[in-house]
Amino acid sequence: MNNNEKKTGASPDEKNKSLNFLETIIEEDIKNGKHSGKVHTRFPPEPNGYLHIGHAKSICLNFGLAKKYNGQCNLRFDDTNPSKEEEEYVDSIMEDIKWLGFDWEDRLFYASDYFDQLFEWAVKLVKDGKAYVDDQPSELISEQKGVPTRPGTESPFRSRSMEENLGLFERMKKGEFPNGTRVLRAKIDMNSPNMHMRDPVIYRIMHTGHHRTGNKWCIYPMYDFTHGQSDYLEGITHSICTLEFVVHRPLYDWFLDNLIDTEYRPRQYEFARLNLSYTVMSKRKLLELVNEKYVNGWDDPRMPTVSGLRRRGYTPESIRNFADRIGIAKRENVIDVGLLEFSVREHLNKIAPRIFAVLNPLKVIITNYPEGQVEDLDLEINPEDPNIGSRIVPFSKEVYIEQNDFMEDPPRKFFRLGPGREVRLKGAYIIKCEDYKKDENGNITELYCTYDPETKSGSGTQRKVKGTLHWVSAEHAVDAEVRIYDRLFSNEFPDKVEDDSKDFKSNLNQDSLKVITGKIEPSVKEAKVLDKFQFQRLGYYCVDPDSTENKLVFNRTVPLRDSWAKQNK
RNA sequence: UGACCCAUGGUGUAAUGGUAACACAUCUGGUUUUGGUCCAGACGUUUAAGGUUCGAAUCCUUAUGGGUCAACCA
């Protein structure tokens, strides 16, 4: 067994994991022969924004469950509100799901596919005396709904005749009434302790074109009147959503019970949505960050969006592993963003080619190295995967190292360079610092070192030194823009603010982006957009789409763990 | 003056009436030409009170704490 095979990071779903509560329910259903043992889930995004890591959790859940139990998962756009929804979002959502590694095959649906059927069902409700047209404005309806602790009062239009309701509803459909003048309401129970059962609105007038149905409709069904029936039409067995829909479940069931005669029913289950420390997850807040230019768009690498994470350098595998690790439950939770970072490090460690990059260069002149000599050193690409081969890195008389790899007056445990100290330049020679130069401000500007020609890497040399530094040859190095990203918020819980005059934006991390120019080894010239690297001793970086033929741009995905920095905090 | 959901280490998630465990985080040590990786170890957990039971994290009751519900949003 080689080093790679015994890694614990192997996809968690290969391990014997205990079941989450949904898997328990599903296995019970299968055992009982419910739905003939079939499992059919769906992922139902509203196309009014970009997907974020919380959606990724849901995608992994729904598609993952289907896969695990030999079932299927549909993609269904919940597009019942044309005033907010756009084609642009449909496209980005599909791209993100595919990128995450999931496939809905030929099962792409839209709630708007069902508008005709939904309308017929509404008519049935009217004919059965279970729905009525209300002529009141929304403010009045809202007032009559009461509050959770007090019953509501019935609308004066509640007892209209079936014929009158039918006529009015038809006229609503024909476009005879302006927006907001009438709605269709289910007649349920204004005294219910559940607000959603107090004669919910099921159709509203909206003279707005729809991205799929064009101008065919000027009335649109509400979410509650759409979702369960859509699940029914698609043969969904387990309809999984987040906790805030728990109170909607009685309504979900009510519509099906009053509309459907067959025995089959989809059933709704709820799980806790993902919250991540040091970030916000609501679409509204994310949109605010984009609109008010706190970030550079939905795919800004600091955003918790799927497109942002992709651009940041995250891999689909790392996100899937993350989703597996956080589990599924009904308890409110805040996951430490460190777990996400662990997941991406874990994967990138296995696959990212190692290269040398010096981000804060300090010139080192090797005084006894022959002028003009260049040695092409053969360095491994990834010690985790020796079979992958090696790369050539040129070495010469003048190199750059990191400024913080030298201290004028270093403490004993500093295993790097200082006056009179020795280190190994990784893959090259052991050098000794003989002298250094400072500018008028006291900044170190140059180091003068000697090298030991007997210590060339791979020559069988026995000499050991405590420290090993990365470096680049000054004349061969490639300049690149490097964007050092940090957490978007400085507070673990961005919504926690000192007083009401502030909001989550007051917790924004002012240093979440630093742009510098780094010196990178020449092999990087071949890099393509989104290629991922480990800058040795620093972190994982990937090529940003802003890169041009003449200028590479790198994003820092995540720094390497740094026990030295931690120790010195 | 309500209904519903939830409560296990610092953070998450298991244990399905029978030894409270796994991951991350934290801390030690070992290996290392990355202060990375890897390896070994340590730390630390059932909200409370009653009840049922030979036996309760698990079942029941009450309390406490947290959350959700009052868009013609989803």
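Convention: sequence-line order gives letters A, B, ...; per-chain numbering from 1.
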With no hydrogens and no angle check, just 3.5 Å: does a side-chain donor-acceptor pair link A:Arg487 and A:Thr279?
no
From CG of A:Leu377 across to P of B:U33 the rounded distance in Å is 17 Å
Determine: side-chain N/O of A:Arg354 to OP1/OP2 of B:U34, distance under 4.0 Å, yes or no.
no
Given B:A74, B:U26, B:C69, which nucleotide is nearest the side-chain atoms of A:Lys566?
B:U26
In whole angstrom, what separates A:Leu140's CG from B:A70's C1'?
15 Å
Conformer about C1'-N of B:A71 - syn within 90° of 0, anti elsewhere
syn
For RNA chain B, produce a single dot-bracket line, 5' to 3'. Pairs: Watson-Crick or G-U wobble, both distances under 3.5 Å. Symbols: ( ) within strand, [ ] crossing, | other strand, . unpaired.
.((((((..((((....[..)))).(((((.......)))))....(((((..]....))))))))))).....
Establish, with yes or no, whether the OP1 or OP2 oxygen of B:G35 is under 4.0 angstrom from a side-chain nitrogen or oxygen of A:Arg561.
no
Indicate yes or no for a side-chain donor-acceptor contact from A:Asp79 to the backbone of A:Ala111 under 3.5 Å, with no hydrogens or angles considered.
yes
Nearest-angstrom distance from the residue atom CG of A:Asp562 to P of B:A25
14 Å
Between A:Arg204 and B:A71, is there a contact of a side-chain N or O with OP1 or OP2 at under 4.0 Å?
no
Winner on side-chain proximity to A:Lys426, out of B:U34, B:A70, B:A3, is B:U34
Ignoring backbone atoms, test whether A:Lys456 places a side-chain nitrogen or oxygen under 4.0 Å from the OP1 or OP2 oxygen of B:U33.
no
Taking atom types as modelled, is there a side-chain donor on A:Glu492 or A:Tyr278 under 3.5 Å from an acceptor on the other?
no
Among B:C4, B:C69, B:C73, find the nucleotide with the atom closest to the side chain of A:Met222.
B:C73
Nearest to side-chain heavy atoms of A:Arg424, which nucleotide of B:U33, B:U34, B:U68
B:U33
Go through the N and O atoms of the side chain of A:Arg537 and the base of B:U34, and report whether any donor-acceptor pair is under 3.5 Å.
no
Among A:Tyr114, A:Tyr110, A:Phe109, find the residue that satisfies the side-chain contact (heavy atoms from CB on, under 4.5 Å) test when tested with A:Ser112.
A:Tyr110
Protein-proximity profile, nucleotides 11-20 of chain B, B/S/- by nucleotide at the 4.0 Å heavy-atom cutoff, equals SSBS-B----
Below 4.0 angstrom, which residues in residues 151-158 of chain A have at least one non-hydrogen atom near RNA chain B?
none
So, OP1 or OP2 of B:C73: does either fall under 4.0 Å of a side-chain N or O from A:Thr80?
no
For RNA chain B, the residues among residues 177-187 of chain A that have a non-hydrogen atom under 4.0 Å from it:
A:Gly180, A:Val183
Is the distance between the ring centroids of A:Phe395 and A:Tyr451 under 6.0 Å?
no
Side-chain contact check for A:Tyr223: nearest option of B:A74, B:A25, B:C69 is B:A74
Is any side-chain N or O of A:His248 under 3.5 Å from a base N or O of B:A74, one able to act as donor and the other as acceptor?
yes
A:Arg345 (side chain) and B:G36 (base): donor-acceptor pair under 3.5 Å:
no
Main chain of A:Val344, side chain of A:His347: is a donor-acceptor contact present, judged purely on distance under 3.5 Å?
no
Pick base, sugar-phosphate or nothing for A:Val246, based on heavy-atom distances below 4.0 Å to the nucleic acid.
sugar-phosphate
Side-chain donor-acceptor pair under 3.5 Å between A:Lys283 and A:Asn48, yes or no?
yes
Partners of A:Glu422 by salt bridge (charged side-chain N to carboxylate O under 4.0 Å, His left out), sequence neighbours excluded?
A:Arg463
For B:U33, does either OP1 or OP2 sit under 4.0 Å from a side-chain N or O belonging to A:Lys464?
yes
Go through the N and O atoms of the side chain of A:Ser457 and the base of B:U33, and report whether any donor-acceptor pair is under 3.5 Å.
yes
So salt bridge (charged side-chain N to carboxylate O under 4.0 Å, His left out) across residues 177-188 of chain A, not counting sequence neighbours, yields A:Asp134-A:Arg185, A:Asp135-A:Arg182
Could you tell me the separation between the CG atom of A:Leu251 and the P atom of B:C4, rounded to a whole number of Å?
16 Å
